[in-house]
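Only one structure is covered here, and it is reproduced in the block below.
The chain is numbered in sequence order, starting from 1. Being a predicted model, the structure only gives us computed values, none of them experimental.
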Amino acid sequence: MPQEQSTSVLIIGILALLALIPWAVAFRRAHAFRDWDLTATLVLLVGALANAETAAYVISSGRKERLDPLGHAVIGFPESVHRIGVVSNGLLLVACVAFILYRLLVARARLNGAPLIAFVIVLTLCASDGLHGQPLWTPRQLTLLAVLLAAAVGRPGRSAFLGGAAVAMLFTVLGGVEALIEPASVIRSCRADNACNVLGVHYAGVFTNENIFGLLLIMCVPFVWLGLRGRVRIFLACYLAFLAAATGSVLAGAAAVATVILLAVLRPRLPDEEPGDVVRGTPGRNLLAMAVLLPTAVMGVVVPLRHEYFGDLRLRAAIWDMAKEEWAHSPLLGYGGKAWSAKYPEGQIPAAVSPSLHNQWIDVLYAGGVVAVVLFVALLVYLLFRDGARGVPAAACVLLPVLLGSVTERPWAFDISNSLTFALLAATLMPIGACRSATAKMPERHTAEPAPVAGSRPET
């Protein structure tokens, strides 16, 4: 490993250990304010178990590339690692069922609308699978449905975001420790067609490539800012943005910086914030949020349709054209969630693009047709306006990295439970009353457990 890369990886590892201090401060404060509950635990479990297989592979083997007899990259994991994924998926399914039963029978939870819209999108893709001869159900598809049903009875608000922040802490710490123990396992080599960033590395952490890790980081930036309390959250959000840039993914770096800037400008707050920190909800802030989100969403739609105007997008442009041509023969319901990945075993597409079409909009369009796209738009609009004008700033900050990532990646999967399902779960549990002040002041420093906010009660 070149000296420049060794130094960069060492810096990343040391920063991960130093960041444990603000992480500890933030989660200690969350414990004192009783922010952590079963919903936060569920989000953390979804993020940890869905990525256990990948983390185990990287830590145990160093992310070695596997080749077939023809020298082509092989997707998937060795059988021994695959068994970890099977067990993790089973545990996650059981955890979701137990959570649903508890929330319905004991907590008497109310239903949340957003996860149910996402649930219908998944069912639409399943129906399209059946119509086109694909298997109707797979274990990871059933797990995704269970996760969304769990979200439908989960507790909206800070606790879901707090769980997302905990996922970020888990994998940034694991990546940092692995960087100190086995530096070569957390980076990918620079190539002429994939130049490295200013740090001279492609930092992938305990994931198989830097794009996956970069997407996870940008999804978690608003969760950290909104889910944690105190100024330490600003430092941690900026730390995640730095790591996103360190991955070498141009999209992740730009999206992380843009998200931090939007958070700093809009300064969204949740209902249980301290009165002294209340931010006045003004039409100007909402207009600014819409002025950022709408062009971003339009760009995500336009880029795959008119990619020739956006430079050389290489393989992405080719698969977008292929998908558009095929979609024209089944525009209403598409081809199902399994149709695109099924092309890889048949030799029609390379392994690198087999998981998705690398654009959220065309991925949903190809898999579920116009019906799924309409439902996806309805989900975004519902999340943005579910609490009226006062909730727009917080919702916009959560949705911005999703829409930015949608341009050349697929942040939210509706066909299987994957590494970013926890982010979909947390986002669909957007809080209600995002710009409303608390009715009782909570102390910034305290030695005893504070009382709950007036008019509320601790909830699991």
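The backbone N or O of S356 lies less than 3.5 Å from no partner atom in the side chain of D363, so there is not a single donor-acceptor pair. The closest donor-acceptor contact from the side chain of R233 to the backbone of L228 lies under 3.5 Å. A donor-acceptor pair under 3.5 Å links the side-chain atoms of N209 to the main chain of I212, judged by distance alone. R410 places no side-chain N or O within 3.5 Å of a backbone atom of N359 that could act as its donor or acceptor partner. Remark: the backbone N or O of A351 is paired with a side-chain donor or acceptor of S354 at under 3.5 angstrom. Remark: the backbone N or O of V58 is not paired with any side-chain donor or acceptor of S61 at under 3.5 angstrom. A donor-acceptor distance shorter than 3.5 angstrom exists from the side chain of R29 to the backbone of R229, with no hydrogens or angles considered. Between the side chain of N112 and the main chain of G154, a donor-acceptor pair closer than 3.5 Å is present. At distances below 3.5 Å, not a single donor-acceptor pair connects side-chain atoms of T143 with backbone N or O atoms of S417. Side-chain atoms of W412 do not come within 3.5 Å of backbone N or O of T421 as any donor-acceptor pair.
Counting non-hydrogen atoms of neighbouring residues, nucleotides and ligands closer than 6.0 angstrom, the CE atom of M299 reaches no more than 12 such neighbours.
Between L379 and F414, some side-chain heavy-atom pair lies under the 4.5 Å cut-off. You'll find the side chain of V120 reaches within 4.5 Å of the side chain of T124, heavy atoms only. Side-chain contact between F422 and L45 is absent, with no heavy atoms from C-beta onward closer than 4.5 Å. L420 has its side chain out of reach of L424: every pair of non-hydrogen atoms, C-beta onward, lies at least 4.5 Å apart. Within the 4.5 Å cutoff, no side-chain heavy atoms of L49 are placed close to those of N89. For the pair L404/I218, no side-chain contact is recorded, criterion being any heavy-atom separation below 4.5 Å from C-beta on. Side chains of I14 and L10 form a contact here, defined as non-hydrogen atoms less than 4.5 Å apart. Side-chain contact check for P401 versus P222: some heavy-atom pair is nearer than 4.5 Å.
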Please test L144 against I416 for side chain to side chain contact (heavy atoms under 4.5 Å, CB included), starting from the C-alpha separation and ending with a verdict. CA-CA 6 Å; L144 176 59; I416 58 172; 5.7 Å; no
What do the steps show when you test Q360 against L403 for side chain to side chain contact (heavy atoms under 4.5 Å, CB included), and what is the final call? CA-CA 8 Å; Q360 183 77 66; L403 294 176; over 6 Å; no
Report the C-alpha distance between L357 and V353 in whole Å, list the side-chain angles of each, state the deciding distance to 0.1 Å, and finish with yes or no for side chain to side chain contact (heavy atoms under 4.5 Å, CB included). CA-CA 7 Å; L357 276 153; V353 295; over 6 Å; no
Hey, mind stepping through V303 and W361 against side chain to side chain contact (heavy atoms under 4.5 Å, CB included) and telling me if it holds? CA-CA 10 Å; V303 167; W361 297 94; over 6 Å; no
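Shown here for L236 and A19, the closest heavy-atom pair between the two residues is CD2-O, 4.4 Å. In plain terms, the two heavy atoms of A252 and T247 that are nearest each other are CB-OG1, 4.1 Å. Taking every heavy atom of both residues into account, V167 and V43 meet most closely at CG2-O, 3.8 Å. When all heavy atoms of P411 and V402 are compared, the closest pair comes out as CG-O, 3.4 Å. The heavy-atom pair separating L383 from A114 by the smallest distance is CD2-CB, 3.5 Å. In terms of heavy-atom proximity, L226 sits nearest to A394 at CD1-O, 4.1 Å.
For the residue pair S159 and D35, no side-chain donor N or O sits within less than 3.5 Å of a side-chain acceptor on the partner. For the 3.5 Å distance criterion, the side chains of W36 and T41 qualify, holding a donor opposite an acceptor. For N51 and T54, the side-chain atoms include no donor-acceptor pair closer than 3.5 Å.
If you take CG on L123 and CG on L375, they are separated by 10.0 Å, rounding to the nearest 0.5 Å. For the atom pair W23 CH2 and Y239 OH, the distance stands at 8.0 Å (nearest 0.5 Å). Note: T428 OG1 to F119 CZ = 13.0 Å, rounded to the nearest 0.5 Å. Of the inter-residue distances, the one linking S60 atom OG with E182 atom CD reads 11.5 Å to the nearest 0.5 angstrom. Summarising the geometry, atom OG belonging to S249 is positioned 9.0 Å from atom NE2 belonging to H202; distances are rounded to the nearest 0.5 Å. The CG atom of L15 lies 11.5 Å from the CG atom of L20; values are rounded to the nearest 0.5 Å.
Sorted by first and then second residue, the side chain to side chain donor-acceptor pair (under 3.5 Å) pairs with a member in residues 162-180 read E178-S185; sequence neighbours excluded.
Salt bridge status for R158 with D37: absent, with no side-chain N to carboxylate O gap under 4.0 Å.
Two rings, from F161 and W225, have their centers 6.0 Å or more apart. Note: F213 and Y203 meet the aromatic proximity criterion, with ring centroids under 6.0 Å apart.
Residues meeting the salt bridge (Lys or Arg N to Asp or Glu O under 4.0 Å) test with E409, sequence neighbours left out: R316.
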